Structures are given as structure tokens and as C-alpha cells.
2 protein chains.
Amino acid sequence: MARRKQAVTIKHVAADAGVSLQTVSRVINKEPNVRPEMMARVQASIAKLGYVPSIAAQRMSGSRSYLIMALNDRERTIEGWRAREGTDWVDQMLLGGMLTCAEHGYRLIVELVDTHSDHIERELSAAIAALQPDGVILTPPHSANPEIISLLDAAGIDLARIGSVIAGPGIRLTMGDDLAAAMATRHLVELGHRRIGLIAGPLDYELSGWRIDGWRAAMDEAGLSTEGMLAQGDFSIESGRMCAPQLIDAGATAIIASNDQMALATLEVARARGLSVPDDLSVLSFDDTPVVRFAHPPLTAVVQPIAAVTARAVELIIDARAGRGLPDGPVVVEPTLAIRDSTAPPVAEPL
Amino acid sequence: MARRKQAVTIKHVAADAGVSLQTVSRVINKEPNVRPEMMARVQASIAKLGYVPSIAAQRMSGSRSYLIMALNDRERTIEGWRAREGTDWVDQMLLGGMLTCAEHGYRLIVELVDTHSDHIERELSAAIAALQPDGVILTPPHSANPEIISLLDAAGIDLARIGSVIAGPGIRLTMGDDLAAAMATRHLVELGHRRIGLIAGPLDYELSGWRIDGWRAAMDEAGLSTEGMLAQGDFSIESGRMCAPQLIDAGATAIIASNDQMALATLEVARARGLSVPDDLSVLSFDDTPVVRFAHPPLTAVVQPIAAVTARAVELIIDARAGRGLPDGPVVVEPTLAIRDSTAPPVAEPL
DNA sequence: GTGAAAGCGCTAACAA
DNA sequence: TTGTTAGCGCTTTCAC
């Protein structure tokens, strides 16, 4: 098979501009110590010849690969794709990540790794060896996985951990889950609700705890009791079907579900009991995946700014590579509340 | 910045196995002319050291980059991501493409290119120069774009064109749109419908024509007239709102929409007119994006096997690289019909 | 401020 | 069947 060569290389540019390879390289990499006139001449040649550096060659000689790897859990991701129920976590990461990468001459590459396997280390090492990414973006549950974190750290790869504040190497980013839960709770309080239940997510997700915290804080702030108002779900539809009745029986006039699936289940339970949403029961959900737009009624939901947080993660990784400082504490990208038709003032006054 | 070197290189393996670099290379690339015992020895060392070839280095010297680029239309893709309405075209491509790539040691990388700009050529050339992919998978409308096709062909990059049968370089793949439309039509005929309308897609998409063809063929086959039963949409909700009334007024008891958005619009129109779906009007849609599962009623839809066709495209590109033969004509990956609750026998007998 | 030389990890071509 | 040699396009020294 013929060796496929680059159409236009740095050599062509150098020849065209009448300078050395090195000067061209300096211009490409925006290094100092190049006279403006030289720079202009080189850039003219680059534009004229349509030169674009080969990412493979850049990696070979230099320290950067211009590749950032978005690491997701294999099983969960594939399951989401297969189900075709509109989970768009990966799309939102691409939206925020690809576009931001492109602005800086980087590429985002999606990689799936199996958490449950005992070969995490092998799989991950293989991905690193093959691609040699400059940075890795970790999503839950990977972002809190010490094995993964220390492996990447040891390999000298910058990492951004979304949805984890556990101390350790890497940039930590959250989507302000506590703020979000408080915001959601306040919205319901303002509508006049006093019995506001929360269906929590599984506690091995850090964010489940934060959401509980935020809700509890807002309830306290409003002088409301949380007695009997907390149910333990696990993000599944089934768990929602178990939890919603508990809260309704305990007198909740509004329910906040820690994800959309459990909110949908709550809607289902309400319908089965002949309760009208939002009149008899307000339902508020977390994540704002596409499905909530098509629910009846469309759900009021906390919007997870996945695209924004991924964009920020990419920027921070690139900053780190460029030697610019890193943030000390966790970076919070603030969530918003999309108010739709599933929340309203309670019809009956609470006791 | 320190030069970041590969932890384990082909050299380490060669040293460990006591053979030359070349022999290791031959084993990695599954080349012939290596004695089984040598091969075993090398493979043992590879496993022991956890060696994985650097994709950048492979590209530098060889002819392969082990990268396949999935090219999508920038504007449409980003719009879909922003809207968060569950369009999962990209996810399905990743599902089929990434997994199949992984099986062969390749990676899939998503790239967005702006069709409308006059810089297609520049953007695309830049992407090629930067990544030097072994193959490119084109989706509509790119897959029929002669400018893109000839550019890639000239660069010696294998390409797979999904959704286009226009002659020219590259492997052509379709999802049997004519078969699908005929299948959908027959389903309605079997239910007893005689006035079956079609809302067509824009004619600059090849597949719009195929869907019309399939519908027309099935109608002919059943001895039914298509008079007044064809409306010209453009895939938008708005166009669905315009077209559906035309067909209903022309006596349609069933409507096939060429995509989900127009089907949703049809549902909306039916509701506005007090028509019950499926009793007064059957609605059948194309694509089966997630949204149709959440419609009321859930829509019967033609399932576009995007994951399967992408997987096939990847396989064919890899085959081409390996010197294995290519298919002559277009490759058809057959669609299926997901029967849900929006189709039923017509209540009133047609005149 | 600029250029020349060395080498990144791997494979193609050729020699043994 | 195996090993040796010469690059691929770029960046990193280090010299000027």
C-alpha cells in the first residue's frame, strides 16, 4: 500500500515563505520571538497553500496531541442509545465539548469504558496509549473513581471531573445540584406548597446527596418540615413507582424527583390515583432530558447545563496545558429552572 | 514542556521478545510470513507489557490512521442538539460506528461541516489534513454532494455515502426507503384503508423521492388511486401543519408522514379538528426518533436502521482498506416497522 | 530572532 | 522468514 503523504506540509510553507521550518512552527504555535513581518509572511503562505498541521505529526514530536477524550460509562451509554428514549447526555457533551475544542484547534473524541469490569485499568491504559489525549473529561460514576483518577494522573494527563467534588487530582466541576434543588424547592414554596416531597437518587452518586442537601436547606429556610417527605429512589422508573405513593400518602402536594425517569413514574402514579397534575399534585423533575417536553403535562424541570459544563471543562484543560493556572475549588456551572405545566399552586390548603 | 513519551513502545516489546522491531510490527498488523512460534513469543511480550500501538505513530509512517470520520451537517446537527427534542441520529451513528470501529482497532470521530458555506472545500480539506482519516462516512445531504465526494476521492480517502445512490466514488448505502414506504403503505392497506395520503419530504433529499416511489408502488399494487393523496412537505412541523389538512380534506383516512416532525404536526391537526387517532385517522411516521414513543398515541413508525447502516459502512470501509472487494451496487440495510397505537382500521367505509 | 540537527514511534522497502 | 535502513511531519533542543 502506498504511503499516503500530507498534501501540504510545513516544508512547503517554509519554502514558500523563504524561512526555516522552525519559524513556521513558531508561527503555528504562536510562540514569541518572531518578528511581526516574518509572522505575516508565514501566515500569508499558510493561507495561500491552505496548510493545516497534521495532528499525528504534532503528537509525534511534541507534547500535545490536540485530542481530548470524553470518557463515558460503556454499559449505561450503550443502553441509553439502544433504548432510544431520548437521553441526550452524550449529545450535550458533544455540543459543548466539540465546539469548544474546535475553537482551540482541538478535537473531542468519545470513548466508552466499562466500569464494572476488572479490566478498567487495562481498557483505559489501552485508550491512553492509542490516542495519547492531552486531557480526559470524566463523567459520573467515573469522575469519582479513584482507580481511574490516579491512573490518568500518573500518566500526566490533565483531567476534568464532572459531577464530583471528592478531593484528588483533576479539575472538579459540578452543575450546582444543591443550588438547583433549593431553586426547585423555592419555586414550589412560592407557589404555596408546604408539603414538598423529594425522591432522592442512589447515594453512591455524589450528586444525590447534594440534591437532598439543597432541598433540605430550602425547606428549613421556609420553616417547613421535611418529616416523611424524603423517599429513597435509585433513578429507575420502578423506584419512582415505589416512592411516589409513599410521599403522596404522607401528604405531599408537590414532589421533586431527582431525575426525569422517576418524575415520569410519579406522573403515572398520579394518573393511576386519579390525581390531576398540576392541580392535585405538582411534579418537578431533574435533568430536563428531552422526554420531559413530551410528557403530559410537560414537566417543570431543573436544567442540567451539560453542554456548558463540558465546554468549561474543555477550556480548563486547554488552559492547564497552556500553563495557565487552574481553579482551586470546584467550578460550579449554574443550573436553571425550566418552568412548564406540571407545577402550580396547590388546590387544597394544607392542614 | 516535557516531551511526553509513550510508556511502552514497539522497541520495548522487541527487546523483551528478543526480536526485531519489524517482526513485532508484522505481528501487530497480522501480516503473513511470521512463524507461529515467533508470533506467540511476540504476543506474549505484548500482553505482558500491556503494549498498545500509538495511533499517531502508525499514521506517521504507514498508510493508515485508524481513524474514520463521521461527517455531519453542522447547522442541522447543532440545531438538533440545542433543541433537545430527542433527535438521536448522531447517537445511533455512534452506537453502530464506534462499536464496529472498536472491534477492528479503529476509532470513530465526529466532524461537523457547514454545507451552506462556500468554504466547504476549505473546511473539509482542513479536517482531512488534520486527521487524515482512513475513511469518511457521509450522511445526507453531504452524501450526494459532488464537491465533497470528489474532494475526498481525490485525497484517496475511502468513503461511504449513506442515503445516496447517485453514481460516483464511494460505497453507497441506503436504508431501503422505497421498501419502507411500501411496507408502511401495505400495513395501512391491510388495515382496510383505501385513501392513504403521503406527506413527502423535500425533493433535494434523494430519499424523499424513494419514499414517494415506494408508496406509489404499493398503492398501485393494491389498485388504489393516489389522486390528491400526495402533499409536498419539507420535514418541518410547519409544513406538516400545511399538508395534513390538504390530505384530510381530500378524504384520506390514513396519512404517512415522511418524517416524525410532520407526523407530529398531523397529530396536532387531527386533534384540532376533533378527529381521533387512530379511529378517525391513522398516522404513520418515518424515522422512529425517540419523540414518537412519547406522542399520544405512540406512533406506528418506520424504523430507520441508522446504527446498522453505520456499522455496515464502517465494515465496508475497513474491508476496502484491507484490499477486500467492494460491493458494486448500493448496499441496502433493511428497515422495519414498529407498530404502535396510531394505526387502526378506518371506522367509516370510504365511498 | 532565526536556523540546523536530532528524534518522536512506527512502517515500507529492501537486504540477508 | 527475519532484520536493517530510511524516512513520515513536526517539535524540541541547541547553536548562531
Side-chain angles (χ1 to χ4, degrees), chain A residues 1-42 46 49 51-67 105 128-132 134 156 321, chain B residues 1-15 17-42 46 49 51-67 105 128-132 134 156 321 323:
Chain A
M1 184 157 309
R3 200 170 188 116
R4 201 175 58 211
K5 304 205 290 189
Q6 191 86 330
V8 182
T9 73
I10 198 171
K11 273 189 193 164
H12 299 108
V13 177
D16 185 84
V19 299
S20 72
L21 294 187
Q22 195 38 31
T23 302
V24 179
S25 174
R26 286 192 181 104
V27 172
I28 296 165
N29 297 296
K30 301 192 180 75
E31 280 170 27
N33 298 343
V34 183
R35 267 181 308 166
E37 55 215 83
M38 279 263 114
M39 212 170 112
R41 211 160 84 203
V42 171
I46 289 178
L49 302 175
Y51 166 76
V52 175
S54 151
I55 222 170
Q58 288 187 123
R59 165 62 198 98
M60 280 306 292
S61 34
S63 46
R64 277 163 307 180
S65 64
Y66 294 96
L67 250 33
I128 292 173
L131 294 173
Q132 316 204 141
D134 287 342
R321 281 271 134 187
Chain B
M1 185 158 310
R3 201 173 188 115
R4 202 175 57 210
K5 303 205 289 189
Q6 191 85 328
V8 182
T9 72
I10 197 171
K11 273 190 193 164
H12 299 108
V13 177
V19 298
S20 73
L21 294 187
Q22 194 42 242
T23 302
V24 179
S25 174
R26 287 192 179 103
V27 172
I28 295 166
N29 297 296
K30 301 192 179 72
E31 279 169 30
N33 300 341
V34 182
R35 266 182 309 170
E37 57 216 80
M38 278 264 111
M39 209 171 112
R41 212 161 81 204
V42 171
I46 288 178
L49 302 175
Y51 166 75
V52 174
S54 152
I55 223 172
Q58 288 186 124
R59 163 61 197 98
M60 280 307 293
S61 38
S63 47
R64 278 163 308 181
S65 64
Y66 294 96
L67 250 33
I128 292 172
L131 295 173
Q132 317 206 127
D134 287 342
R321 282 270 133 188

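So that the names make sense, note that chain A is the first sequence line, chain B the second, and so on, each numbered from 1. Note that the structure is predicted; figures quoted are calculated from it, not measured.
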Inset, instruction - Please tell me if the side chains of B:Ser65 and B:Leu131 come closer than 4.5 Å, counting only heavy atoms from C-beta onward. - result: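 No, their side chains stay 4.5 Å or more apart.
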Legend entry - Non-hydrogen side-chain atoms of A:Val27 and A:Val13 separated by less than 4.5 Å: no
Inset, instruction - Look at the side-chain N and O atoms of A:Tyr51 and state whether any lies under 4.0 Å from the OP1 or OP2 oxygen of D:dC10. - result: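 For D:dC10, OP1 or OP2 has a side-chain N or O of A:Tyr51 closer than 4.0 Å.
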Legend entry - Side-chain N or O of B:Ser25 closer than 4.0 Å to phosphate OP1/OP2 of C:dC10: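 Negative; the distance criterion is not met.
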Rounded to the nearest 0.5 Å, what separation is found between the [atom1] atom of [X] and the [atom2] atom of [Y]?
X: B:Met60; Y: A:Ser54; atom1: CE; atom2: OG; value: 6.0 Å
X: A:Ile55; Y: B:Leu67; atom1: CD1; atom2: CG; value: 8.5 Å
X: A:Arg35; Y: A:Thr23; atom1: CZ; atom2: OG1; value: 9.5 Å
X: A:Glu31; Y: A:Met39; atom1: CD; atom2: CE; value: 12.0 Å

Using atom [atom1] of [X] as one end and atom [atom2] of [N] as the other, report the distance to the nearest whole Å.
X: B:Gln58; N: C:dC10; atom1: CD; atom2: P; answer: 7 Å
X: B:Leu49; N: C:dG9; atom1: CG; atom2: C1'; answer: 15 Å
X: B:Asn29; N: C:dC10; atom1: CG; atom2: C1'; answer: 9 Å
X: A:His12; N: D:dC8; atom1: NE2; atom2: P; answer: 10 Å
X: B:Ile55; N: C:dC8; atom1: CD1; atom2: C1'; answer: 17 Å
X: B:Ile10; N: D:dG3; atom1: CD1; atom2: P; answer: 12 Å
X: B:Arg64; N: C:dG9; atom1: CZ; atom2: P; answer: 20 Å
X: B:Lys11; N: C:dC10; atom1: NZ; atom2: C1'; answer: 10 Å

Inset, instruction - Give the nucleotide from the list D:dG9, C:dG9, D:dT12 with an atom nearest to the side chain of A:Ser54. - result: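 When the side chain of A:Ser54 is considered, D:dG9 is the closest of D:dG9, C:dG9, D:dT12.
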Inset, instruction - Return yes if some donor-acceptor pair links the side-chain N/O of A:Arg26 with the main-chain N/O of A:Asn29 below 3.5 Å, else return no. - result: no
Legend entry - Degree of bending in the helix from C:dG1-D:dC16 to C:dA16-D:dT1 once both end axes are built from five pairs, to 10°: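 Its terminal axes enclose an angle near 30°.
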Under 3.5 Å, which N/O atoms of the protein pair with N/O atoms of nucleotides 1-5 of chain C?
residue : atom : partner : partner atom : Å
C:dG1   : OP2  : A:Asn33 : OD1          : 2.9
C:dG1   : O3'  : A:Arg35 : NE           : 3.4
C:dT2   : OP1  : A:Arg35 : NE           : 2.8
C:dT2   : OP1  : A:Arg35 : NH2          : 2.8
C:dT2   : OP2  : A:Arg35 : N            : 2.8
C:dT2   : O4   : A:Arg26 : NH2          : 3.3
C:dG3   : OP2  : A:Ser20 : N            : 3.1
C:dG3   : OP2  : A:Ser20 : OG           : 2.9
C:dG3   : OP2  : A:Thr23 : OG1          : 2.5
C:dG3   : N7   : A:Arg26 : NH1          : 3.4
C:dG3   : O6   : A:Arg26 : NH2          : 2.7

Inset, instruction - With A:Asp16 as reference, evaluate A:Val24, A:Val42, A:Ile46, A:Leu49 under the side-chain contact (heavy atoms from CB on, under 4.5 Å) test and give the passing residue. - result: A:Leu49
Legend entry - Closest non-hydrogen atom pair between A:Ala56 and B:Arg59, with its separation: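 Closest pair (atom of A:Ala56, atom of B:Arg59, distance): CB-CG, 3.6 Å.
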